[in-house]
Amino acid sequence: NEGPGTREDTLLNCVPMVAPYSATSLFKYRVKVLPGKAKKGKAAREAVGMLIKWAEVNKNERERDIIRCLGDKDIVPPMVGNARVTIPQAAGKAAGKGGGGGSGGTR
């Protein structure tokens, strides 16, 4: 079957990739990579940790296990150096990471 997956499809693995954020708009699991101070390995492991938590919140054990199987040899090469990883705001709220922050606006 070509195109996006369906609920009846059996997932076998996942492919870590780095792409412009707008190009991944149809992906179920994605993190945003921004300029920061973390090295490649640390940023990649943080991203995987966020995705695992996201899958747990969605109560999808199969997807969580597939993401958990990713090793450093899979996730570090595509990652950019000196990065900071964040999760999209809506997914962050679902995963228990309070989205936003900020000062609360003008007074």
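- The side-chain contact (heavy atoms from CB on, under 4.5 Å) check on Val48 picks up Ile52, Ile67, Leu70, Ile75, with sequence neighbours excluded.
- The hydrophobic cluster around Phe27 extends to Met17, counting ILVMFWY residues whose side-chain heavy atoms fall within less than 4.5 Å of a member.
- Pairs engaging residues 31-48 under the salt bridge (charged side-chain N to carboxylate O under 4.0 Å, His left out) rule: Arg45-Asp72 [sequence neighbours left out].
- Of all heavy-atom pairs spanning Pro78 and Pro16, the tightest one is CG-O, 4.2 Å.
- Among residues two or more places apart in sequence or in another chain, the side-chain contact (heavy atoms from CB on, under 4.5 Å) test is passed with Asn82 by none.
- Residue pairs that meet the salt bridge (charged side-chain N to carboxylate O under 4.0 Å, His left out) test with at least one member in residues 73-82, sequence neighbours left out, do not exist here.
- A search for salt bridge (Lys or Arg N to Asp or Glu O under 4.0 Å) contacts involving Arg84 returns nothing, not counting sequence neighbours.
- Considering only residues two or more places apart in sequence or on other chains, Pro35 meets the side-chain contact (heavy atoms from CB on, under 4.5 Å) condition with none of them.
- Residues forming a side-chain hydrogen bond (donor to acceptor under 3.5 Å, both in side chains) with Glu61 (at least two apart in sequence, or on another chain): none.
- Residues meeting the side-chain hydrogen bond (donor to acceptor under 3.5 Å, both in side chains) test with Thr24, sequence neighbours left out: Arg30.
- Within the 4.5 Å cutoff, the side chain of Glu63 has heavy atoms near those of the Lys28 side chain.
- Connectivity analysis of hydrophobic side chains (ILVMFWY, heavy atoms under 4.5 Å, direct or indirect) links Ile66 to Leu11.
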Go through the steps to decide whether Val31 and Thr86 satisfy the test side-chain contact (heavy atoms from CB on, under 4.5 Å), and finish with yes or no. CA-CA 6 Å; Val31 295; Thr86 63; over 6 Å; no
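- Residues Asn58 and Tyr29 meet the side-chain proximity criterion, which asks for heavy atoms closer than 4.5 Å.
- Residues forming a side-chain hydrogen bond (donor to acceptor under 3.5 Å, both in side chains) with Asp65 (at least two apart in sequence, or on another chain): none.
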